[in-house]
Structure formats: structure tokens, C-alpha cells
There are 2 protein chains.
Amino acid sequence: MAKVLASYKEEINQQKIPSGQKKVLLAGLKLFSEKGFHATTTAEIAHEASVSEGTIYKYFKSKDDLLTKLLNPLLKEVQENFFVQLNDYQDLSKLVAFVVEDRVHFLLINFDFFSLFFQELLTNQNMLNLIKKYVAGEKGVLAYCQNLQHRFTEINQKLTPVQILRILISPMLAYVIQVKLFNLKAADDSADMTLLKRQISANLTD
Amino acid sequence: MAKVLASYKEEINQQKIPSGQKKVLLAGLKLFSEKGFHATTTAEIAHEASVSEGTIYKYFKSKDDLLTKLLNPLLKEVQENFFVQLNDYQDLSKLVAFVVEDRVHFLLINFDFFSLFFQELLTNQNMLNLIKKYVAGEKGVLAYCQNLQHRFTEINQKLTPVQILRILISPMLAYVIQVKLFNLKAADDSADMTLLKRQISANLTD
DNA sequence: GTCTATAGCGCGATAGAC
DNA sequence: GTCTATCGCGCTATAGAC
């Protein structure tokens, strides 16, 4: 199966929108993720994008609007693809292998987005509530984890949906932080990926 | 062995410093962790602490100074105790049990500090460099992980120090985020703690 | 030890020329 | 579609009274 989640920056570049708008989006993503939303000034964004501040407000009605227009499209894509596309797999270890390969790759190439998202999650109640619904809601991630547990009898049936989610996400999260934030990349990174898969499989089934 | 890491807020309260200074420290911790450093104004801190803005600048020469004086003491304590005090354990499963019990407890009762710390880690190069040194430096955390691997032959000797650190930290991190950020606390939380210990032990040795 | 009053300016945002 | 010029608020920080 091909990768389903792509580079967000490429996607911005491919859109048919004025070049000024593109440059502002990319500059906003870069500076918000590196310094934080409130620590970044519109003057800095304008300079990074090589446009004037007036141009920013031509396309975005406020600084908040720029943040929203940055986060929403990718949030939508993640919500639609991060978990849902796993129904074709009949074999648990293959499913885990795909999830690790695809999602780690996605998180690595979109780490700036991820950093910005995480900052918002920690400081913005609206963002937190949105994600809470995505996790615990009707057809949310937890319901999906329960589904997985039913489909694969190898999974320890005593695990709760939350525990399954934690087992899936936490090693990938930690790996991405290790590599992108701390620059601690192993000489052989495929060995790390293999370890992630083995640990997730073991923790799900033991 | 008794808990070695305590509540940071209690520690502030027990210090022999003017009550205004205490109130400002606690208000700063609360607001910075909830809204972020740059999103919090000194007027809000003054209001939350029920003091005037003048009082803030009596004790802290700048807003940045308040942040520094909040983070430094606890950073120091963590650096000195988070990993180092594990040398008395001869039994790996007991060591893991202690680490999980003690550190999860610490992270839960100091989650506001942890949230603030994580925000800084993502947006502040100085903080990141400080932690990088603490992790990779001479007598850093990674060296300590290597030490653990030598002391306990049950640990998979093919694991790298970074992998050992990841195995130790990532499940606890995810658990704390689950409980404090998403309010997803299991009916029986001791079952979750047991699971954490079992998974960490299994992942270290398999 | 804490407050009131205020300085000073950086910031987000807008209007209008080109 | 982009820029220049500018407004006015809200922020950090200070001075000095009590």
C-alpha cells in the first residue's frame, strides 16, 4: 500500500493561490512551530515571507485566522486518514508495520506542523476539545481501537481501548521527538523502525 | 524506598519568602502552563495572584526572570533525582516498579510544571540545548542508560542507550498526557500502572 | 512590602497608493 | 496583488507614594 499521508508543505506549494499567500503560509508554519504562535510577530512573518505586513492582512483577516488556515486543512486530513485507512489489513503484524512506516514518515516530514499542533494542544482549550471529540467521540479513535481488538483475537482482550491507543502511539511519538527535536538519529534507522514494530506488536498481544 | 520527588507547588509554599512573591510564583506557574508564556500578560498574573503589577516587578526583574525562577529550581531537582537515585536496586523489575510509581506520581502532581517545560522545550532553543546536554553529556542520562544495561544482564544487550531511554520514558509520558490532558482516567488506575511496569520490563528484556 | 500612576513602545491591524 | 504609512491599543516595565 502506498503512503497515504504526504508533506503538508508540498501541498501548500501545489495549491493554485497567489504566491504571496503561499509564502505567508509557509513562513507562518515555520515561525509558529519554531518560536510559538504568540512569540511570533506579524513583522517577522512578513520578513520571513519577503512580503509586507499589508499582504498578510490581504489574505488573512487576523493572525489567528492565519493559524486556523494553517492547522485546519491538515487536521482534517489527519482525522480522515490517520486511523481509518487500516481496514484492508488481515494480518496484525502487517498492519502494525504499515502504521509505523507510514505514520512515522508522516510525522518526520511534517514535524513543524506537529510541533505547532502540540503547542496548541497544551495551551488552547478549543484545540484540546476538538481533539478530545476526535478521540472519544461516536466514531472516534477509541471506538476504532475497540474495533481493532475485536477484529484481531491475538490482541490481549483485557486491554482497554485507551491502553491500545497508548501502545500504538507512544513509541512513535517518542521516536519522532528523539529524532527531530534532539537530533539523536541512530546510525541504522531501519533498526529503530524494526524495534518500534516489534515492541508495538508485543505490547498489543502479550 | 520513599518518594524522592515531591510537589513543586508545596515546595514554593514552604519557602520563607514574602507572601506576595509566593502568590506571583504560583500564579505564574498556573497561567504560563495553561495559556503559554507569551500568551500570559503581567496584568493577568497580578490579578490571579491578587497583587499589583508593581509587586511582580519588585521580586522579578522581568517576565522572563519570573519564568526562569519558576523553572530552574525544579529543573535542578529533576536533574539530580530523576535517574540518579536508582543505584540501590539489584532487581530490574523492582527498579522498574519504583521508577514507574515514583516518576508517574511526580509527573501527575506536577503536570502544570511539566506542561510549561514541554512548551519551552518546543519553542526555546536555550532550554532545548540545556536538556540536550543533560541527556547526551558526560554523566548524562544516556550514559546512565548504558550503565543500567551493564548492571542488568537481563536487558537486551543489543539495545542502544537511546532505545533504552525511549522504552523507559515513552509509556509514562503518554500515560500522564492521557490522564491530565485528556482526562481519560481508567476506573482502576492501578491496573494501568501494572501494565506500564509489565510493558517496560518486557520491552527492556525481550 | 505593596500599591497607584504612568511611561514608552511594540504589536496587530487598516487605509489607500500603485 | 502588493506595498507604504500610520493608527491606537495593550503590553512590559518603572518611579515614587504609602
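In what follows, chains are A, B, ... by sequence order, proteins preceding strands, each numbered from 1.
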Tell me: [atom1] of [X] to [atom2] of [N], nearest whole Å?
X	N	atom1	atom2	answer
F37(A)	dG12(C)	CZ	C1'	10 Å
I56(B)	dT14(D)	CD1	P	13 Å
I45(B)	dA13(D)	CD1	P	10 Å
D64(B)	dC11(D)	CG	C1'	14 Å
E44(B)	dG10(D)	CD	P	12 Å
H38(B)	dT12(D)	NE2	P	10 Å

task: Please identify each residue that fulfils salt bridge (Lys or Arg N to Asp or Glu O under 4.0 Å) with E34(B), with sequence neighbours left out.
output: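 E34(B) satisfies salt bridge (Lys or Arg N to Asp or Glu O under 4.0 Å) with K30(B) once adjacent residues are dropped.
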task: Applying salt bridge (Lys or Arg N to Asp or Glu O under 4.0 Å), name anything that partners K22(A), two or more places apart in sequence or on another chain.
output: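 Counting only residues at least two positions away or on another chain, K22(A) forms no salt bridge (Lys or Arg N to Asp or Glu O under 4.0 Å).
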- prompt: Touch check for F60(A), heavy atoms < 4.0 angstrom, all strands: base, sugar-phosphate only, or nothing?
  reply: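 No contact at all - F60(A) keeps every heavy atom at 4.0 Å or more from the nucleic acid.
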query: Does a salt bridge link K180(A) with D112(A), judged by any charged N lying under 4.0 Å from a carboxylate O?
result: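 No, no charged N to carboxylate O under 4.0 Å.
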task: Scan residues 14-34 of chain B against DNA chain D and write down, sorted by residue number, each residue with any heavy atom closer than 4.0 Å; if none is found, say none.
output: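 DNA chain D contact set from residues 14-34 of chain B: none.
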- prompt: Aromatic ring centroids of F106(B) and F114(B) under 6.0 Å?
  reply: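 Centroid separation for F106(B) and F114(B): 6.0 Å or greater.
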field: side chain to side chain donor-acceptor pair (under 3.5 Å) partners for S201(A), two or more places apart
entry: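 For S201(A) there are no side chain to side chain donor-acceptor pair (under 3.5 Å) partners, ignoring immediate neighbours.
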Report each atom pair, protein N/O against N/O of nucleotides 3-7 of chain D, whose distance is under 3.5 angstrom.
| residue | atom | partner | partner atom | Å |
| --- | --- | --- | --- | --- |
| dC3(D) | OP2 | S52(A) | N | 2.7 |
| dC3(D) | OP2 | S52(A) | OG | 3.3 |
| dC3(D) | OP2 | T55(A) | OG1 | 2.7 |

task: Would you tell me if any nitrogen or oxygen in the side chain of Y57(A) comes within less than 4.0 Å of OP1 or OP2 on dA13(C)?
output: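 Yes, within the criterion.
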message: At less than 4.0 Å, is any side-chain N or O atom of T42(B) found next to OP1 or OP2 of dT12(D)? Yes or no.
response: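 Checking T42(B) against dT12(D): at least one side-chain N or O falls below 4.0 Å of OP1 or OP2.
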message: For residues 61-74 of chain A, which residue pairs pass the salt bridge (Lys or Arg N to Asp or Glu O under 4.0 Å) check, not counting sequence neighbours?
response: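 As it turns out, the salt bridge (Lys or Arg N to Asp or Glu O under 4.0 Å) pairs with a partner in residues 61-74 of chain A, which skip direct neighbours, are D65(A)-K69(A).
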- prompt: Any side-chain donor-acceptor pair under 3.5 Å between Q119(B) and S115(B)?
  reply: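 Yes, side-chain donor-acceptor contact under 3.5 Å.
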message: Side chains of E120(B) and N124(B) only: does a donor on one sit below 3.5 Å from an acceptor on the other?
response: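 There is such a pair (donor and acceptor under 3.5 Å, judged by atom type) between the side chains of E120(B) and N124(B).
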- prompt: F118(A) vs F118(B) aromatic rings, parallel, tilted or perpendicular, using cut-offs 30° and 60°?
  reply: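 It falls in the tilted class, 30° to 60°.
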